[in-house]
Amino acid sequence: MSAGDAMVVIGGGQSGARAVQVLREGGWEGAITLIADEAAQPYERPPLSKAVLLGERTPEQGAIHREAFYREQGVDLRSGCAVSAIDCAAHTATLANGETLAYRRLLIATGAEPRRMSVPGADLAGVHVLRNAGDALAIAGELGPGRRIAVVGAGFIGLEVAASAVQRGCEVVVLEAAPRALMRAVPAEVAQCLVDLHRERGVDVRFDVQVKRFEGEGRVNAVVPGDGTVVPCDAVVVGIGVSPRVALAQEAGLAIDNGIAVDPMLRTSDPDIYAAGDVCSFVHPLYGRRIRLECWRNAEDQARVAALNMLGHDEAHSAVPWFWSDQYDMTIQIAGLPAFGSTRAVRATGTASKVFFAFDEAGVLVGASGVGQTGEIARDVRIAQELIARRARIEPERLADSATKLKSLLAAGAH
Ligand SMILES: Cc1cc2nc3c(=O)[nH]c(=O)nc-3n(C[C@H](O)[C@H](O)[C@H](O)COP(=O)(O)OP(=O)(O)OC[C@H]3O[C@@H](n4cnc5c(N)ncnc54)[C@H](O)[C@@H]3O)c2cc1C
């Protein structure tokens, strides 16, 4: 077998680690190389902002595969090793150490990079972002009773960090530039439920706040917004979103459009190169426009589809997006893309649990967001996911009526 008979996967995160498994399960008997620039074995990121910050588990406990998996499956895992260039014409990937690997098919699963602030003091010690295990351990080391933590950004990462920090006994301030939380992700009503919860737990959540600079001698001791206030703090966590890691693909000449642009088969503009996970953008058949998702389920689903297509299948990626976040004892689960519609029905599903349904202008169900106890929302959100896949048109009143069993709508063939 020549080196050109190898499947090469760049990025040992959620998508990359899952893709190598699917390649093997899908019957590929040749070489598989997984190039991962992090030193640790591939691990799940969702626990980093939750159980790891709470000190309840280590990042290693979230390993995606058992340690023996890579050896047993004949996957050449190159940890601590970055790819520095791709030569599409030669079918090679060059590593930072100068080594060159030939591939038959290549998967780019390089994920996303946390955005950093470009204000004075942003590089002071004690100003953190959260993307990897090292970031999480560094932030966990900042948390403790009486510590003052400033979180910049009321997105999911910022709010999860705030919840964990408060539970560790910290005094937490969240500073958000927008007029409300989770602006791009969920309807205002859902965001408000979460903000209320944070305020009940003592988090000081402030909106319309532009951070102008961080202050401190070598180490941060205050955040200065533009409203004349000063927010003293012992550490800062910046959670203002991520950017897809496209540099490799861009330099290789692949098409980029808010991420590496892929077709429904997750193929890039080069037919032998695929992309999956946070790094790629694709046209979702349900929404008819190019989107990029930053969530665990999508990374898993796309890894499977991309790996099968690398093996010669012809499968289009069409899964309805699904996302969850845990804050305190509350869960939020989102099916579809609520931001592409407006909320027209709210369904009470338990003591303090609700599901919000969003419809587009044509009356098609496009998103459902459940907030509350997992056991009280998970089932309805799952059924909503199926209804969204069917482009169901349902009278909002029926969804809002908790006497209507959602399953009956499925059985009735809502469409
Ligand atoms: C703290 C945190 C909490 C989260 N919580 C949730 C949650 O509750 N629910 C949810 O749905 N989603 C959550 N997510 C999002 C989810 O984890 C991501 O969507 C998922 O990890 C994306 O997988 P990926 O494989 O695309 O990218 P990643 O998992 O980021 O993996 C990409 C990997 O590629 C590596 N890499 C990059 N460039 C190179 C290179 N040139 N050479 C070699 N390797 C390279 C990176 O270092 C990284 O290890 C969370 C994310 C974070 C950071």
Side-chain angles (χ1 to χ4, degrees), residues 8-20 33-53 59 62 64 77-86 93-97 99 101 106-115 128-140 155-161 163-164 185 237 239 241-252 259-260 262 266 275-281 292-304 306-307 321-327 331-335 374:
V8 173
V9 176
I10 307 176
Q14 199 71 49
S15 273
R18 191 63 68 206
V20 297
T33 306
L34 175 58
I35 306 156
D37 65 0
E38 295 187 64
Q41 292 233 338
Y43 57 89
E44 310 259 352
R45 284 172 215 280
L48 297 182
S49 46
K50 311 170 185 82
V52 173
L53 291 191
I64 294 172
L77 170 62
R78 309 277 191 96
S79 297
C81 187
V83 172
S84 55
I86 298 165
T94 303
L95 309 186
N97 65 10
E99 191 184 342
L101 298 176
L106 181 71
L107 175 65
I108 305 178
T110 46
E113 189 73 42
R115 284 200 205 108
H128 302 269
V129 293
L130 176 50
R131 181 71 192 183
N132 60 37
D135 299 334
L137 293 174
I139 295 168
F156 281 112
I157 296 286
L159 291 179
E160 288 188 359
V161 169
S164 299
V237 181
V242 296
S243 312
R245 285 200 190 95
V246 296
L248 268 182
Q250 198 155 25
E251 282 158 23
I260 303 175
V262 293
L266 306 184
D278 286 12
V279 77
C280 76
S281 70
R292 192 174 61 74
L293 298 174
E294 297 160 2
C295 59
W296 184 93
R297 183 76 259 164
N298 178 66
E300 288 270 309
D301 289 344
Q302 291 194 328
R304 192 186 64 79
W322 184 86
F323 172 85
W324 92 97
S325 169
D326 294 328
Q327 293 167 37
T331 290
I332 171 163
Q333 293 189 7
I334 305 170
T374 309

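Counting starts at 1 for both ligands and their atoms, in listed order.
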Colleague: Within the side chain of Glu294, is there an N or O that forms a donor-acceptor pair under 3.5 Å with the backbone of Asp278?
Modeller: no
Colleague: Quick test: of every protein heavy atom, which one is nearest to atom 34 (O) of ligand 1, and how far off is it to 0.1 Å?
Modeller: Gly11 CA, 3.2 Å
Colleague: For ligand 1, is Glu44 a contact, meaning one of its heavy atoms is under 4.0 Å away?
Modeller: no
Colleague: Of the choices Val83, Val279, Ile332, Ile108, which has the non-hydrogen atom that lies closest to atom 40 (C) of ligand 1?
Modeller: Val83
Colleague: Going by heavy-atom distance to atom 49 (O) of ligand 1, choose the closest among Glu294, Arg18, Glu38.
Modeller: Glu38
Colleague: Within the side chain of Ser49, is there an N or O that forms a donor-acceptor pair under 3.5 Å with the backbone of Val161?
Modeller: no
Colleague: With heavy atoms of Ile35 as the reference, note each atom of ligand 1 found under 4.0 Å away.
Modeller: 43 (C), 44 (N)
Colleague: Do the non-hydrogen side-chain atoms of Glu113 and Arg131 ever get within less than 4.5 Å of each other?
Modeller: no
Colleague: Can you pull out the closest protein heavy atom to atom 11 (O) of ligand 1? Residue, atom name and distance to 0.1 Å, please.
Modeller: Trp296 N, 3.1 Å
Colleague: Before signing off on this row, confirm whether Ala82 and ligand 1 have an N or O atom pair separated by under 3.5 Å.
Modeller: no
Colleague: What part of Ala109 sits under 4.0 Å from ligand 1 if we count only heavy atoms: the side chain, the backbone, both or neither?
Modeller: backbone
Colleague: Under 4.0 Å from any heavy atom of Gly277, which atoms of ligand 1 are there?
Modeller: 26 (O)
Colleague: So, Thr374 and Thr331: side-chain donor and acceptor under 3.5 Å apart, yes or no?
Modeller: yes
Colleague: List the closest protein heavy-atom neighbour of atom 31 (O) of ligand 1: residue, atom name, distance to the nearest 0.1 Å.
Modeller: Gly13 CA, 3.2 Å
Colleague: Select the closest option to atom 2 (C) of ligand 1 among Ile157, Val129, Leu48, Asn298, judged by heavy-atom distance.
Modeller: Ile157
Colleague: What protein heavy atom sits nearest atom 3 (C) of ligand 1, and how far away is it?
Modeller: Ser49 OG, 3.3 Å
Colleague: Do side-chain atoms of Arg292 reach the backbone of Val279 as a donor and acceptor pair under 3.5 angstrom?
Modeller: no
Colleague: Which bit of Ile10 is near ligand 1, meaning a heavy atom under 4.0 Å away: side chain, backbone, both or neither?
Modeller: side chain
Colleague: For the side chain of Arg18 and the backbone of Ala299, is there at least one donor-acceptor N/O pair under 3.5 Å apart?
Modeller: no
Colleague: Would you tell me which option among Gln333, Arg45, Arg297 has the nearest heavy-atom contact to atom 48 (C) of ligand 1?
Modeller: Arg45
Colleague: Report the distance from atom CG of Leu101 to atom CD1 of Ile86, rounding to the nearest 0.5 Å.
Modeller: 11.5 Å
Colleague: Around atom 38 (N) of ligand 1, find the nearest protein heavy atom and jot down its residue, atom name and distance.
Modeller: Thr110 CG2, 3.4 Å
Colleague: Any atoms of ligand 1 less than 4.0 Å from a non-hydrogen atom of Leu130? List them with their elements.
Modeller: 1 (C), 53 (C)
Colleague: Applying a heavy-atom cut-off of 4.0 Å, say which part of Trp324 lies close to ligand 1: side chain, backbone, both or neither.
Modeller: both
Colleague: Nearest non-hydrogen atom to atom 30 (O) of ligand 1 belongs to which of Arg131, Gln327, Gln14?
Modeller: Arg131
Colleague: Run the side-chain contact (heavy atoms from CB on, under 4.5 Å) test on Thr94 and Val83 for me, step by step, so that the C-alpha distance in whole Å, both residues' side-chain angles and the decisive distance to 0.1 Å come before the verdict.
Modeller: CA-CA 6 Å; Thr94 303; Val83 172; over 6 Å; no
Colleague: Is there at least one pair of N or O atoms, one from Trp322 and one from ligand 1, spaced under 3.5 Å apart?
Modeller: no
Colleague: Looking only at atom types and distance, does a side-chain atom of Arg78 sit under 3.5 Å from a main-chain N or O of Leu34, one as donor and one as acceptor?
Modeller: no
Colleague: Quick check on contacts: which atoms of ligand 1 are under 4.0 angstrom from a heavy atom of Gly111?
Modeller: 26 (O), 27 (O), 30 (O), 32 (C)
Colleague: Determine whether Thr33 and Val9 satisfy the following criterion, side-chain contact (heavy atoms from CB on, under 4.5 Å), listing intermediate values before the conclusion.
Modeller: CA-CA 6 Å; Thr33 306; Val9 176; over 6 Å; no
Colleague: With a 4.0 Å cut-off on heavy atoms, does Lys50 reach ligand 1?
Modeller: yes
Colleague: Do Asn298 side-chain atoms and Cys295 backbone N/O form a donor-acceptor pair below 3.5 Å?
Modeller: no
Colleague: Please indicate whether any nitrogen or oxygen in Asp278 is less than 3.5 Å from any nitrogen or oxygen in ligand 1.
Modeller: yes
Colleague: So, does Tyr43 use its side chain to make a donor-acceptor pair with the main chain of Ala133 at under 3.5 Å?
Modeller: yes
Colleague: List the steps and the verdict of side-chain contact (heavy atoms from CB on, under 4.5 Å) for Val246 and Ile108.
Modeller: CA-CA 9 Å; Val246 296; Ile108 305 178; over 6 Å; no
Colleague: So which heavy atom in the protein is nearest atom 14 (N) of ligand 1, and how far is it from that ligand atom?
Modeller: Pro46 CG, 4.2 Å
Colleague: What protein heavy atom sits nearest atom 47 (O) of ligand 1, and how far off is it?
Modeller: Asp37 OD1, 2.5 Å
Colleague: In ligand 1, which numbered atoms sit nearer than 4.0 Å to a non-hydrogen atom of Phe323?
Modeller: 9 (N), 10 (C), 11 (O), 12 (N)
Colleague: Using 0.5 Å steps for rounding, measure from the CD1 atom of Ile35 to the CG atom of Leu95.
Modeller: 5.0 Å
Colleague: Output all residues satisfying salt bridge (Lys or Arg N to Asp or Glu O under 4.0 Å) with Asp301, sequence neighbours left out; order by chain, then residue number.
Modeller: Arg297
Colleague: For atom 25 (O) of ligand 1, what's the nearest protein heavy-atom neighbour? Residue, atom name and distance, please.
Modeller: Ser15 N, 2.8 Å
Colleague: Which residues satisfy the ring pair (Phe, Tyr, Trp, His ring centres under 6.0 Å) test with Phe156, sequence neighbours excluded?
Modeller: Phe323
Colleague: Please list, in number order, the atoms of ligand 1 under 4.0 Å from a heavy atom of Ala299.
Modeller: 22 (C), 23 (O)
Colleague: Within a distance under 4.0 Å of any heavy atom of Glu160, pick out the atoms of ligand 1 and give their elements.
Modeller: 8 (O)
Colleague: Only heavy atoms of Leu248, strictly under 4.0 Å: list the atoms of ligand 1 that pass.
Modeller: 41 (N)
Colleague: Between the side chains of Ser325 and Glu160, is a donor N or O closer than 3.5 angstrom to an acceptor N or O?
Modeller: yes
Colleague: Tell me whether ligand 1 is touched by Cys81 - counting only heavy atoms on the residue side and a distance under 4.0 Å.
Modeller: yes
